[in-house]
Amino acid sequence: MSDSERIDWNTIEQKWIKRWHDARVFETEPDESKKKYFVTVAYPYPNSPQHIGHGRTYTLADAHARYMRMKGFNVLFPMGFHYTGTPILGMSRRVASGDSDLLDTFHKIYKLSDDVISTFVEPVKIASYFHSEIKMGMKEMGYSIDWRREFTTIDPVYSKFISWQFRMLKKKGLIVQGSHPVGWCPRDQNPVSQHDTMGDVEPDFTEYTLVKFHSGDKVYPAATLRPETLFGVTNMWVNPETEYVEASVDSETWVLSRDAARKLEFLNHKVEIKTSVKGSNIVGSKLANPLTGLLVPVYPAAFVKSDSGTGLVMSVPAHAPYDYQALEELRVDERAKAEYSIRDVASPIKIIESEGYSGIPAAEAIAKSGASSQNDPRLEEATNDLYSHEFYKGKMMGNTGKYSGTTVSSAKIEVRQEIVQSGQAATMYELVNKPVKCRCGTECVVKLLSDQWFLNYGDKDWKAQVHECANKMDIVPQDIRQEFDYVIDWLRERACARKTGLGTKLPWDPEWIIESLSDSVIYMAYYTISKYVNSGVLSDSGISDLFFDYILLGIGSADAVSKESGLPVSAVEQIRAEFAYFYPVDSRHSGRDLVPNHLTFFIFNHVAIFGAANWPRQIVVNGSVLMEGKKMSKSLGNIIPLRTAIRENGADTIRLAMLVSAEILQDADFSFDTVRGIRAKLAGIFEMAARCAGNGGDSAPGSEDKWLLSRLQRIIEETTASMDRLRMREAIHYILYSLEQDQQWYLKRANAKGSQGNLATLSKCLEVQLRLLAPFAPFTSEEIWERMGKKDDVTSSGWPAADNEAIDLHAEESEFLVSSLLTDLQSIVKVTKIVPKKIAVYTCAPWKKFVYKAVLAQVLGGKTNFGEIMKILLADPQTVRAKTDPKLVQKMMEDILSSPLDARNRRMKLPEFSEGEALMDASSLLSAENNKAEIVIYSEEDPEKFDPKQKSKFAKPFKPAIYME
RNA sequence: GCGGGAGUCGCCCAGCAUGGUCAAAGGCGUAAGACUGAGGCUCUUAUCCCUUAGGGGUUCGUGGGUUCAAAUCCCACCUCCCGCACCA
């Protein structure tokens with residue numbers, strides 16, 4: 001059993017969770033004497049337990065909150081729960097109907113008992129169950145949340161808050177009404193989304209142009225995606241076997257398939273079916289093309305399906321592979337021609353030219369695809385290829401009237417506009433991935449919802465302000481900023497209410513419920529209010545817009561609010577002051593999937609409602625989590641519940657493993673190898689603490705102590721710089737790996753001198769490490785901190801600051817010299833395979849140092865021209881000796897250019913550095929690392945030196961010469 | 001198509017903003033050694049190629065360019081991933 005397994009992480013965790021709770025350490029009150037910092041993270045939707053993937057965003061936010069707290073800010077980090085929306089409702093229905101997929105998930109993955117599941121027929125029970133499950137997980141993860149401010153989005157006061165928000169937006173003219181299409185279940189009378197369908201398919205539909213061909217006053221509508229090809233229509237297709245109907249549609253008489261008539265009803269047409277007509281009876285008639293007025297014949301075609309479009313298809317053989325193929329097959333089908341007395345089969349009319357197609361494009365596309373019949377699936381491919389090719393590269397030909405010469409992409413829009421406006425065409429929506437079945441088994445359709453309410457994100461002035469806000473905001477990481485700018489420009493009207501689901505009723509039209517991405521955009525403000533709801537000071541009775549106007553905007557007076565609500569004036573003032581203190585949001589964390597929606601809406605709505613002083617300051621976006629390199633999914637069975645992972649590995653381990661595997665925007669790969677490694681590291685820190693607490697093995701501090709303490713300051717500096725940019729992965733590397741590496745070097749040096757290291761130095765290191773680690777591994781840090789006998793907790797010890805006094809360039813240079821000498825020795829041993837018994841090291845002659853310094857000064861000043869530098873050297877008596885060995889100068893330049901910038905600067909600053917002393921101090925290590933060889937150190941100019949192979953003359957500054965035997 | 005991102009030494013993944021110990025961190029894997037009754041634990045060392053003196057050669061998607069110096073800057077190209085809506 002290894003040490004890491006011997007530590008009882010869960011007990012330590014429970015102990016600190018209780019302590020934090022009892023001492024109320026994360027309950028944040030306004031405090032005018034301290035700077036506030038308000039961190040929020042997108043609240044969870046409680047329809048499942050949290051898994052590892054969810055943990056990343058919250059852990060990042062928590063580490064951020066803890067870091068800022070240690071930096072001395074009065075940090076507020078609250079949490080709420082998003083009950084609003086439709087998926088929970090859908091789940092509840094599925095429970096009621098005994099959906100075996102869902103029940104299976106509950107039993108096998110979530111391990112729920114039947115008693116619990118049976119309560120789930122009530123949607124709120126699902127939400128509240130997972131709510132408490134998630135909350136426990138958050139506590140177990142050690143999140144530093146002020147739980148007094150917790151709320152759900154169906155709380156009565158929250159509803160009032162949302163009503164206020166919406167009335168506000170409406171007053172500002174940002175909410176508009178219109179109609180829009182949705183996937184729809186005719187039986188449930190509800191919109192359907194992915195969660196509501198069998199097989200979890202998202203209903204996907206496109207907009208067709210419904211072209212009204214006619215014969216007399218009867219309309220024969222044909223649905224098309226390519227209205228611009230109307231000029232090339234040669235005929236129509238009808239399936240002779242299909243049932244068509246004659247129906248009154250709105251005020252016209254239409255002939256179309258029975259299926260299509262039904263679909264039109266959902267698209268808000270008034271449809272009344274009069275008579276049934278067999279397809280074969282339509283074949284042979286002639287219909288007028290509304291755009292060109294030309295009459296085209298109706299031909300029979302088996303490929304026409306009654307439930308696709310209208311059951312009538314306009315045929316453009318020159319540009320549609322299906323049409324071309326069907327036409328060619330008909331041309332040689334004597335039986336069909338005889339049956340429907342078709343004499344001359346029409347010929348394709350080409351109306352679009354595009355690079356790469358010289359003849360009839362459809363024919364060429366078919367040939368290229370290799371398709372050979374109407375039923376060949378490759379025809380589909382050919383269709384898509386040709387369609388997109390012509391859309392992007394095609395031009396309308398001379399036979400298209402005023403559209404001649406325009407691009408296909410614009411002709412498509414213009415033709416459509418022309419015929420729709422003149423009443424010769426209508427719009428039809430059609431599912432492209434049908435059949436889509438609702439979970440109730442009914443086949444879904446597209447429904448046009450009328451009088452839908454939209455948030456008008458397309459509003460120009462609004463957009464301009466949002467850009468202004470976004471430009472001022474700190475977006476972390478910067479890489480994602482462009483994406484925000486793009487989304488801001490691209491957003492237009494967005495439906496903000498729906499007919500079902502949990503949520504707040506639209507205040508002026510209670511048939512509608514406010515949609516869940518619209519009621520979750522300014523709720524961060526609500527955390528300053530919810531505290532008073534939870535404490536019993538505030539309830540929904542008596543409060544109205546007056547209250548929110550005053551608290552959130554400072555409009556009106558406390559007196560008026562008090563009079564209306566019955567709250568004491570002082571309470572009203574206090575709530576107002578609390579909001580004023582904590583707002584604006586200093587940092588908002590979320591996953592990158594929310595960039596194109598929530599995070600951008602968050603900016604939009606803040607800009608609309610609040611003054612610029614309360615606009616959010618920062619957005620932090622993180623990538624998702626992979627499990628052992630793979631996407632997490634039910635089918636792979638690799639979804640690990642967060643609480644299970646905590647129980648098995650410890651919260652701190654999970655926290656670190658989550659943050660260390662990738663930089664913030666990258667996908668983080670969670671792997672158990674990493675977990676194991678992290679756990680061992682943490683156990684190592686426990687061991688170090690035990691060692692520091694022990695009394696054996698102390699020894700006097702040496703030069704390596706100065707070095708380690710100097711390095712410690714560097715690590716503090718670097719870690720702080722990383723944290724300020726929220727580069728947490730990098731920060732953890734410094735804290736866990738760099739620091740440990742330095743400690744190891746230190747111990748190696750000490751051990752070689754026969755000491756075990758100085759306990760004061762090691763303790764100092766450990767203390768700093770624990771403080772740096774506290775935001776990431778709060779349990780471990782607190783526990784060890786306490787075991788070290790510290791009175792206060794590690795959080796209140798503050799974030800360490802680098803101590804400039806402890807930075808020791810001399811010590812840094814010494815160790816640097818020693819370690820590069822070790823590397824040189826190693827490579828000599830490796831190449832020569834000498835087993836060294838005696839090693840002589842020669843430091844360079846003083847004049848070389850002068851030359852080095854002079855060259856270094858030139859290089860640091862940006863001069864790298866050898867001739868010029870040589871001239872300067874020769875002009876100075878101190879360095880004139882360089883003349884005897886120009887090659888050496890060349891070599892020094894190379895040395896300098898290939899040394900790190902901080903080493904160059906350090907050497908420039910170091911007034912006197914004795915390589916001999918440094919090497920003497922480390923001779924024990926040099927020997928220990930080299931077969932316990934005898935180490936002798938000379939100056940190059942020492943007349944008494946031992947130098948059998950004349951190596952000493954190769955000595956250079958910071959690069960002593962070596963002889964070994 | 002539009003928009004965004006990525007391509008690094010067996011694999012994963014840093015580095016690129018601010019060009020210079022970058023043959024390129026860390027982890028995994030692999031090899032040897034230590035520990036152990038034995039290890040799947042842990043620790044140490046090695047891990048592009050060549051080299052009997054600290055050296056040299058060739059690498060960071062491909063091809064050019066800028067520079068004393070390029071994984072890093074510029075141009076072109078190839079390949080892959082993600083988003084494109086009313087859904088949390």
Side-chain angles (χ1 to χ4, degrees), chain A residues 1-5 42 44-45 47 82 84-88 180-182 191 193-196 202 388 391-392 409 449 452 454-455 457 477-487 489-498 501 515-518 520 592-598 623-624 626 628-629 660-663 665-669 671 673-674 676-678 680 683-684 729-730 732-733 736-738 741 744 816 820-821 823-834 859 863-866 893-904 949 951 954 959-964:
Chain A
M1 204 192 245
S2 71
D3 287 325
S4 68
E5 285 162 78
Y45 185 71
N47 69 337
H82 198 194
T84 326
T86 54
I88 286 178
H180 89 120
V182 294
S193 66
Q194 194 174 346
H195 312 277
D196 313 310
E202 178 73 34
S388 69
F391 181 78
Y392 295 114
S409 53
L449 286 180
Q452 171 67 269
F454 294 95
L455 261 163
Y457 290 135
Q478 273 295 337
D479 322 17
I480 199 110
R481 179 180 287 281
Q482 296 177 75
E483 214 164 309
F484 275 99
D485 285 334
Y486 180 75
V487 173
D489 283 331
W490 164 85
L491 282 172
R492 26 173 234 264
E493 298 84 7
R494 182 188 165 90
C496 62
R498 38 158 63 217
E515 182 270 332
S516 57
L517 282 187
S518 308
S520 58
R592 74 178 307 174
D593 51 328
L594 299 188
V595 171
N597 41 66
H598 166 75
S624 59
L626 303 175
E628 303 285 358
V660 84
S661 77
E663 219 40 272
L665 200 55
Q666 230 49 45
D667 284 349
D669 187 10
S671 79
D673 278 331
T674 311
R676 197 164 18 89
I678 295 284
R729 175 200 142 97
E730 197 171 73
I732 294 170
H733 260 268
L736 246 32
Y737 299 102
S738 303
Q741 253 171 31
Q744 272 175 5
F816 190 82
S820 32
L821 180 62
T823 310
D824 284 348
L825 290 170
Q826 244 170 40
S827 48
I828 295 170
V829 166
K830 194 181 159 195
V831 173
T832 62
K833 306 201 168 58
I834 293 172
V859 173
K863 285 208 185 80
T864 50
N865 184 298
F866 178 69
M893 264 181 67
E894 280 168 24
D895 281 354
I896 291 168
L897 281 172
S898 66
S899 61
L901 291 173
D902 60 334
R904 296 182 204 174
K949 286 255 170 87
K951 293 285 184 189
F954 298 114
K959 189 121 177 121
I962 298 164
Y963 167 76
M964 70 167 68

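Values below: all heavy atoms of this structure, side chains included; hydrogens, waters and symmetry mates excluded. This structure is a prediction, so every number in the text was calculated from the model and none was measured.
- Base engagement by A:M964 is indicated by at least one non-hydrogen atom pair under 4.0 Å involving a base atom.
- In this structure, A:Y963 reaches the bases: a heavy-atom distance under 4.0 Å links it to at least one base atom across the strands shown.
- Remark: the separation of the C1' atoms in B:U79 and B:G56 is 34 Å, to the nearest Å.
- RNA chain B is contacted by both A:L491 and A:V831; A:V831 maps to the nucleotide lying nearer its 5′ end (nearest heavy atom per residue).
- Of the listed nucleotides (B:A88, B:A53, B:A85), B:A85 has the atom at the smallest distance from the side chain of A:W490.
- Spacing between atom CD1 of A:I828 and atom C1' of B:G54 amounts to 4 Å, rounded to whole angstrom units.
- A donor and an acceptor atom, one from each side chain of A:E515 and A:S518, are located under 3.5 Å apart.
- The separation of B:G27 from B:U47, taken at their P atoms, amounts to 14 Å, rounded to a whole angstrom.
- For RNA chain B, if you chain together Watson-Crick or G-U pairs that step i with j, i+1 with j-1 and so on, the runs of at least three with distances under 3.5 Å are B:1-7 with B:78-84, B:10-12 with B:26-28, B:29-34 with B:42-47, B:48-50 with B:55-57, B:61-65 with B:73-77.
- Among the nucleotides B:A14, B:G54, B:C12, the one closest to the side chain of A:A662 is B:A14.
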If you restrict it to nitrogen or oxygen atoms, what contacts under 3.5 Å exist between nucleotides 45-49 of chain B and the protein, and what is each distance?
none

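- Looking at residues two or more places apart in sequence or on another chain, you find no side-chain hydrogen bond (donor to acceptor under 3.5 Å, both in side chains) involving A:Q666.
- A distance of about 11 Å separates the C1' atoms of B:G61 and B:C80, rounded to the whole Å.
- Distance CG (A:L901) to C1' (B:G19): 10 Å, rounded to an integer number of Å.
- Between A:R494 and A:L517 there is a side-chain heavy-atom pair separated by less than 4.5 Å.
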>> Run A:E483 and A:R592 through side chain to side chain contact (heavy atoms under 4.5 Å, CB included) and show every step you take.
In response: CA-CA 10 Å; A:E483 214 164 309; A:R592 74 178 307 174; 3.7 Å; yes

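- Judged as a salt bridge (Lys or Arg N to Asp or Glu O under 4.0 Å), and not counting sequence neighbours, A:D669 has no contacts.
- One can place CZ of A:R494 at 8 Å from P of B:C87, the figure rounded to the nearest angstrom.
- Mapping A:Y486 and A:D669 onto RNA chain B by nearest heavy atom places A:Y486 closer to the 5' end of the strand.
- For A:D673, the salt bridge (Lys or Arg N to Asp or Glu O under 4.0 Å) test picks out A:R676, with sequence neighbours left out.
- For A:S516, the side chain to side chain contact (heavy atoms under 4.5 Å, CB included) partners at least two apart in sequence or on another chain are A:H82, A:T84, A:D519.
- Across all strands, A:Q478 comes closer than 4.0 Å to no nucleic acid atom at all (heavy-atom distances).
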>> Evaluate A:L449 against A:R498 for side chain to side chain contact (heavy atoms under 4.5 Å, CB included), listing each step before the verdict.
In response: CA-CA 10 Å; A:L449 286 180; A:R498 38 158 63 217; over 6 Å; no

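- Comparing the C1' positions of B:C16 and B:A70 gives a spacing of 10 Å, expressed to the nearest Å.
- Whole-Å rounding puts the A:N47 CG to B:C87 P distance at 16 Å.
- For A:N597 against B:A88, a side-chain N or O and a base N or O form a donor-acceptor pair under 3.5 Å.
- Among the atoms of the strands shown, only primed sugar atoms or phosphate atoms (P, OP1, OP2) are found under 4.0 Å from some heavy atom of A:E515.
- Distances shown here put a side-chain N or O of A:R498 below 4.0 Å from the OP1 or OP2 atom of B:C87.
- Summarising the geometry, the separation between CG on A:D593 and P on B:G3 is reported as 23 Å, rounded to the nearest angstrom.
- Legend: residues meeting side-chain hydrogen bond (donor to acceptor under 3.5 Å, both in side chains) with A:D485, ordered by chain and number and at least two apart, are absent.
- Residues satisfying the side chain to side chain contact (heavy atoms under 4.5 Å, CB included) test with A:T674, not counting sequence neighbours, are A:A657, A:V660, A:S671, A:I678.
- By the side-chain hydrogen bond (donor to acceptor under 3.5 Å, both in side chains) test, A:K951 is found to be paired with no residue, residues two or more places apart in sequence or in another chain being considered.
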Using the 3.5 Å cut-off, write out each protein N or O paired with an N or O of nucleotides 21-31 of chain B and the distance between them.
unit_1	atom_1	unit_2	atom_2	d
B:U21	O4'	A:S898	O	2.6
B:A25	N1	A:R729	NH2	3.0

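- The line from NZ of A:K959 to CG of A:L821 is 9.0 Å long, rounded to the nearest 0.5 Å.
- Of the P atoms belonging to B:C49 and B:U42, the separation is 27 Å, rounded to the nearest Å.
- Nucleic acid contact for A:P44: none, since no nucleic acid atom lies under 4.0 Å from a heavy atom of the residue.
- Going from the P atom of B:C78 to that of B:C28 covers 39 Å, rounded to whole Å.
- The shortest distance between side-chain heavy atoms of A:Q452 and A:V182 does not fall below 4.5 Å.
- Straight-line distance from the CD1 atom of A:I88 to the P atom of B:C87: 16 Å, rounded to whole Å.
- In this structure A:E730 satisfies the side-chain hydrogen bond (donor to acceptor under 3.5 Å, both in side chains) test together with A:S722, A:R727, sequence neighbours excluded.
- Out of B:C12, B:G83, B:A85, the shortest distance to the side chain of A:R492 is found at B:A85.
- Spacing of C1' atoms, B:C9 relative to B:G5, comes out at 24 Å, to the nearest Å.
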>> Applying side chain to side chain contact (heavy atoms under 4.5 Å, CB included) to A:R729 and A:S661, what does each step give before you reach the verdict?
In response: CA-CA 7 Å; A:R729 175 200 142 97; A:S661 77; 5.8 Å; no

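- One interatomic measurement links the two molecules: CD of A:E894 to P of B:G55, which rounds to 11 Å at whole-angstrom precision.
- Between B:A23 and B:U72, the two C1' atoms lie 16 Å apart (nearest whole Å).
- What separates NZ of A:K951 from C1' of B:G55 is a distance of 12 Å, to the nearest Å.
- Ring geometry, A:H733 versus A:Y737: the interplanar angle falls from 30° to 60°, so the pair is classed tilted.
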Please list, for nucleotides 5-10 of chain B, all pairs of protein and nucleotide N/O atoms separated by less than 3.5 Å.
unit_1	atom_1	unit_2	atom_2	d
B:G5	OP1	A:Q482	NE2	3.1

